[in-house]
Structures are given as C-alpha cells and as structure tokens.
Amino acid sequence: MTTLFDYWRSSASYRVRIALALCGDEWSTEIVNLVEGAQGAPEHLARNPQGYVPALAIDEVTLTQSLAIIEYLDETRSLGLLPSSAIDRARVRAIAHAVAMDIHPICNLNVAKYAVQASGSAIETKDWMQHFISKGLRAVEQMVGDNGYCFGTRVTLADLCLMPQIYNAERWGVDMHAMPKLTSIAANLAAHPAFVAAHPDNCASAPQ
C-alpha cells in the first residue's frame with residue numbers, strides 16, 4: 001500500500017495529493033502534525049532528513065521533495081503532466097518552479113515567523129505573505145496561458161503547483177484582481193475531481 005506522510009495545509013503535500021488522485025490508485029495517509037512539531041521526530045527524520053512533508057512510501061521505496069515525487073508518478077503512472085516536446089516541458093517546468101521554488105520557500109511559515117521575530121514585529125506575517133505571494137503570482141500571470149490551464153489545454157505539472165499557491169493567496173487575503181488568467185485557471189481546476197479530492201478541506205489529515 002502506498003502511504004503519504006502528509007499535513008493538510010502543506011502546499012507541497014497538496015501538490016502530491018493531486019498527483020495521487022490523478023493516478024487513481026489507493027493510498028493511505030499518515031499525519032505528520034507540523035504544528036505539534038512531528039516533523040522533527042526521529043521516525044520522520046528517518047524518512048526525510050530535512051524534516052519536511054510530504055514523504056511518499058511507494059513501490060518499496062520512500063521518496064521526498066514534491067516535484068521529484070510528482071515526476072516519478074508521472075513517469076511510472078503515465079499521467080501526462082509534461083508535454084512531449086523539450087521546449088514545452090521547459091516552459092511547464094518554468095511555471096512550476098516559479099511557484100514551488102521561488103514563491104513557496106520564502107512564504108514558508110517558518111521563514112515568515114523568523115522575519116517577524118528578527119524585525120521585532122515591525123514586519124507582520126500577513127504583510128510578508130501578501131507581499132511575496134502577490135509579487136510572485138503577478139509574474140506567473142505573465143507566464144501562463146489563457147485556456148483554463150497553466151499551459152496548453154490539459155492539466156500539467158504547473159497546475160499542480162499553482163493551485164496550492166492560490167489556496168495560500170486566498171488564505172492570506174492576496175488581491176487577485178490584477179491576475180485574471182490565474183483566477184480563471186483556479187476556477188477551472190477547482191471543478192476537476194482530482195483537485196477537489198486533494199483540497200485541504202477534503203484531505204484525510206485535515207482537522208475534523
């Protein structure tokens with residue numbers, strides 16, 4: 001049985017939940033409660049020395065890093081998350097990386113908390129999140145297509161990265177009015193069964 005070591009509000013875990021839902025395979029969830037510090041427990045560090053989620057136990061191995069996990073699932077389950085041509089794959093990865101490697105890390109809650117503490121609370125968490133999420137998504141708005149998906153006319157790796165970031169934007173009250181393409185993409189993906197199943201409110205690790 002495939003096991004996802006998950007936390008409901010983790011953007012990286014959210015991406016992997018979408019990919020797993022696209023696979024159609026069954027998996028179980030083991031909660032790693034980030035609020036309670038479970039990511040630092042020895043048993044989780046044995047899975048992932050970085051102490052992050054997600055980790056995915058699958059095919060007799062344990063994988064870490066959401067993009068690496070998703071590309072593994074794409075390659076082994078034929079999900080079609082990357083286009084056939086090298087240049088189109090590069091474009092999809094550029095959008096995905098703009099979210100997962102540029103916006104997400106600086107908006108990790110631990111980073112924001114450190115900034116607040118280091119500034120003597122001159123910086124507030126909400127202001128930090130709004131500034132960096134808005135700045136990042138405004139750039140992504142210029143990178144995506146206008147057919148209801150980030151690239152082309154079907155779900156790609158970029159969409160799996162975008163949707164969790166849109167969730168965070170909404171959570172922190174980011175003004176999306178200047179990003180009509182992203183708003184349209186989010187509305188389209190919100191109706192997709194795999195994205196519905198993976199939404200934080202619907203995942204197994206969400207508070208009941």
Side-chain angles (χ1 to χ4, degrees), residues 4-20 22 32 34 39 44 47-56 62-75 79-83 85-115 123 125 127-145 149-152 155-172 174 176 178-179 181-183 185-186 189 194-195 198-200:
L4 177 65
F5 298 90
D6 184 20
Y7 184 68
W8 69 294
R9 266 192 174 158
S10 160
S11 295
S13 293
Y14 190 171
R15 297 172 201 142
V16 172
R17 291 197 302 268
I18 299 169
L20 286 169
L22 289 169
V32 180
L34 304 185
Q39 67 272 28
H44 187 65
R47 298 180 204 109
N48 184 353
Q50 291 181 287
Y52 296 148
V53 292
L56 184 69
T62 299
L63 303 175
T64 62
Q65 286 292 340
S66 64
L67 296 189
I69 293 171
I70 292 167
E71 292 211 31
Y72 175 81
L73 293 172
D74 185 43
E75 292 171 6
L79 300 183
L81 295 177
L82 289 166
S85 78
I87 186 62
D88 287 349
R89 288 196 299 274
R91 287 171 174 151
V92 168
R93 286 187 173 114
I95 299 168
H97 293 181
V99 175
M101 298 183 184
D102 293 331
I103 303 173
H104 178 201
I106 201 167
C107 293
N108 184 291
L109 197 55
N110 285 334
V111 174
K113 284 182 176 178
Y114 181 82
I123 296 172
T125 302
D127 293 336
W128 177 276
M129 297 296 195
Q130 288 184 345
H131 173 78
F132 286 106
I133 294 174
S134 179
K135 178 182 178 182
L137 288 182
R138 286 198 303 270
V140 173
E141 171 78 8
Q142 306 306 311
M143 301 169 72
V144 299
Y149 299 95
C150 285
F151 186 89
V155 170
T156 65
L157 174 66
D159 298 296
L160 272 63
C161 292
L162 176 67
M163 204 58 169
Q165 193 58 64
I166 295 292
Y167 172 83
N168 284 334
E170 293 172 348
R171 178 186 175 197
W172 293 106
V174 172
M176 298 290 294
M179 303 168 232
K181 288 193 290 184
L182 296 186
T183 301
I185 291 168
L189 295 175
F195 287 77
H199 191 279

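All residue numbers in this chain count up from 1 along the given sequence.
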Exercise for the section: Decide whether a cation-pi geometry holds between Arg47 and Phe5; the criteria are a distance under 6.0 Å from NZ or CZ to the six-membered ring centre and an angle within 45° of the ring axis. Expected result: yes
Problem - Distance-only donor-acceptor check, side chains Ser11 and Arg15, under 3.5 Å - result: no
Handout entry: Heavy-atom side-chain proximity of Ile103 to Asn168 below 4.5 angstrom
Key = no
Practice task
Return yes if some donor-acceptor pair links the side-chain N/O of Gln165 with the main-chain N/O of Ile133 below 3.5 Å, else return no.
Solution key: no
Handout entry: Side chain proximity check, Val111 to Pro105, heavy atoms < 4.5 angstrom
Key = no
Handout entry: Gap between atom CD1 of Ile166 and atom CG of Leu189 - 0.5 Å precision
Key = 9.5 Å
Handout entry: Flag side-chain contact, heavy atom, 4.5 Å: Tyr167 against Arg9
Key = yes
Fill in the blank from the handout: With Val16 as partner, the option from Leu63, Val53, Ile70 fulfilling side chain to side chain contact (heavy atoms under 4.5 Å, CB included) is Ile70
Handout entry: Nearest heavy-atom neighbours spanning Leu73 and Ala19
Key = CD1-CB, 3.8 Å
Donor-acceptor pairs under 3.5 Å, side chain of residues 93-102 to any protein atom, not counting sequence neighbours: which ones?
unit_1: Arg93; atom_1: NE; unit_2: Glu71; atom_2: OE2; d: 3.3
unit_1: Arg93; atom_1: NH2; unit_2: Glu71; atom_2: OE1; d: 3.1

Problem - Straight-line distance of Arg138 CZ to Met176 CE, nearest 0.5 Å - result: 11.0 Å
Fill in the blank from the handout: Taken to the nearest 0.5 Å, the spacing of Leu182 CG from Met163 CE works out to 11.0 Å
Practice task
Output yes when a side-chain donor or acceptor of Gln39 lies under 3.5 Å from a complementary backbone atom of Val32, and no otherwise.
Solution key: no
Fill in the blank from the handout: Smallest heavy-atom separation, Ala194 atom then Leu22 atom, equals CB-CD2, 3.6 Å
Exercise for the section: Using atom types as modelled and distance alone, determine if a side-chain donor or acceptor of Asn48 lies under 3.5 Å from a backbone N or O of Thr64. Expected result: no
Handout entry: Validation row: Leu160, Phe195 side chains within 4.5 angstrom (heavy atoms)
Key = yes
Exercise for the section: Could you tell me whether the side chain of Thr125 reaches within less than 4.5 Å of the side chain of Trp172, counting heavy atoms only? Expected result: yes
Exercise for the section: Please report the shortest heavy-atom distance between Val174 and Met179, naming the atom on each side. Expected result: CG1-CE, 4.5 Å
Exercise for the section: Starting at CG of Asn108, measure out to OH of Tyr52 and round the result to the nearest 0.5 Å. Expected result: 6.5 Å
Fill in the blank from the handout: CZ (Arg91) and OG (Ser85) are apart, to the nearest 0.5 Å, by 7.5 Å
Exercise for the section: Taking the side chain as every heavy atom from C-beta outward, state whether Tyr149 and Val144 have any pair of such atoms under 4.5 Å apart. Expected result: no
Problem - Pairwise distance CZ(Arg89) to CG(Leu81) - rounded to 0.5 angstrom - result: 13.0 Å
Handout entry: Exceeds 12 heavy-atom contacts within 6.0 angstrom, atom CZ of Phe132
Key = yes
Handout entry: Main-chain N/O of Ile106 paired to Trp128 side chain as donor or acceptor, under 3.5 Å
Key = yes
Practice task
Write down the atom of Leu67, the atom of Cys161, and the distance for their closest heavy-atom approach.
Solution key: CD2-SG, 3.5 Å
Handout entry: Polar side-chain atom of Asp159 near backbone of Thr156 as donor-acceptor pair, under 3.5 Å
Key = yes
Problem - Note, Leu109 side chain near Met129 side chain (heavy atom, < 4.5 Å) - result: yes
Problem - Smallest separation among heavy atoms of Ile185 and Gly145, with atom names - result: CD1-O, 4.0 Å
Fill in the blank from the handout: In short, Arg17 meets Leu4 closest at the heavy-atom pair CG-CD2, 3.6 Å
